[in-house]
Amino acid sequence: MQALVARLPSTHPQYQKLQRELKKKEEGDFGEQYILNELQKLQPLSDCHIFHNVIIPTILPMQIDILIITPSGIIILEIKNIRGTLHFKNNPRQLIRTTETGEVHTFTHPEIQLQQYMQAMLHFLDTYHITMPVYGAIVFPFNNVDVHGEGSGLPIVMGKELPLYIYKFITQKLDIAMDDILHIILSQLQQKNPFPLCRYYHIEPSVLQRGVYCENCGQFSMQKLKATWFCQKCEHRCKEAHVSALKDFYMLVGDTMTNRECRDFLKIDSPYVTKRLMQRLLLTRSGNGKSTKYNLSLLNGNR
Ligand SMILES: [Zn+2]
């Protein structure tokens with residue numbers, strides 16, 4: 001998303017939306033990562049299984065922020081990194097946020113989604129003839145939020161309080177065959193694969209900003225010299241500057257790249273220089289001559 005927003009012209013019709021989505025994602029990921037780290041430190045969870053951001057195919061669409069399989073049951077955590085003053089409203093259920101500047105936003109009540117996930121999980125387990133309790137909580141990772149609510153339904157837990165909440169369940173050991181459940185869940189897990197992002201968001205790859213990014217001044221201003229890349233704006237030099245551009249291409253446009261595509265994307269004139277550059281990366285190739293395609297999936301292992 002960072003690469004896409006960086007290379008999308010700010011005049012593109014989807015730019016504003018994607019920029020907002022990126023910001024939300026960065027905040028959400030930050031909160032989820034914090035909670036994951038805290039959970040991994042908890043001794044009673046050391047023999048439990050913790051999953052982050054999982055999709056399980058069930059009757060209802062289910063994308064769980066954090067899923068914990070314990071000998072006492074399954075715990076589903078819905079992480080909300082929202083700042084401001086929050087009011088949980090019942091009837092109709094809504095979450096209303098007021099920011100420091102007085103802006104008011106209305107969100108879907110997180111309980112609705114969490115209840116749906118818990119129901120779907122019970123149904124999922126039932127299809128494998130497993131009976132075990134499923135718990136859920138809405139978690140606010142940080143103390144940057146002031147929560148007011150009409151208390152009902154599922155627990156709302158602050159990050160600091162989460163260990164206590166978890167301990168409460170873990171102490172009630174039910175001798176559940178964790179390995180069986182783990183095996184079933186692992187076999188059903190789906191990874192969401194939105195790559196390449198241009199296809200996912202229906203963006204024409206030709207609108208993307210070309211060029212190699214300067215890590216020093218943040219512009220697409222690196223020029224290929226004989227032995228290095230040189231920034232025309234700030235004179236920064238970096239031998240490997242092309243690698244991040246190739247990763248961008250992989251994430252945004254596609255798995256393979258021809259010499260012509262590479263020249264166009266990195267803004268290099270010479271096919272010969274481009275060929276040497278690609279060969280030095282030791283990528284696997286298919287095809288011959290002008291139609292040679294380099295496979296970018298081996299660039300540092302993954303996206
Ligand atoms: Zn620069």
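Just follow the structure's listing: the first ligand is 1, and inside any ligand the first atom is 1. Positions are given from 1 along the sequence. Because the structure is predicted, anything quoted here is derived from the model rather than measured.
Protein atoms that are N, O or S and lie under 2.8 Å from the Zn ion (ligand 1) are these: C214 SG, C217 SG, C231 SG, C234 SG.
For residues 27-66, the ring-ring contact (aromatic ring centres under 6.0 Å, His included) pairs, not counting sequence neighbours, are F30-F142, Y34-F142.
Using a 4.5 Å heavy-atom threshold, the side chains of F249 and M257 count as touching.
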N/O donor to acceptor pairs below 3.5 angstrom from side-chain atoms of residues 235-244, sequence neighbours left out:
| from | atom 1 | to | atom 2 | distance (Å) |
| --- | --- | --- | --- | --- |
| H236 | NE2 | E215 | OE2 | 2.9 |
| H242 | ND1 | W229 | NE1 | 3.0 |

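Think of V104 as one node in a network of Ile, Leu, Val, Met, Phe, Trp and Tyr side chains linked at under 4.5 Å; its network also takes in I96.
Here the two rings, on H109 and F88, have centers that are under 6.0 Å apart.
Here CG of L114 is found 9.5 Å from CG of D65. Values are rounded to the nearest 0.5 Å.
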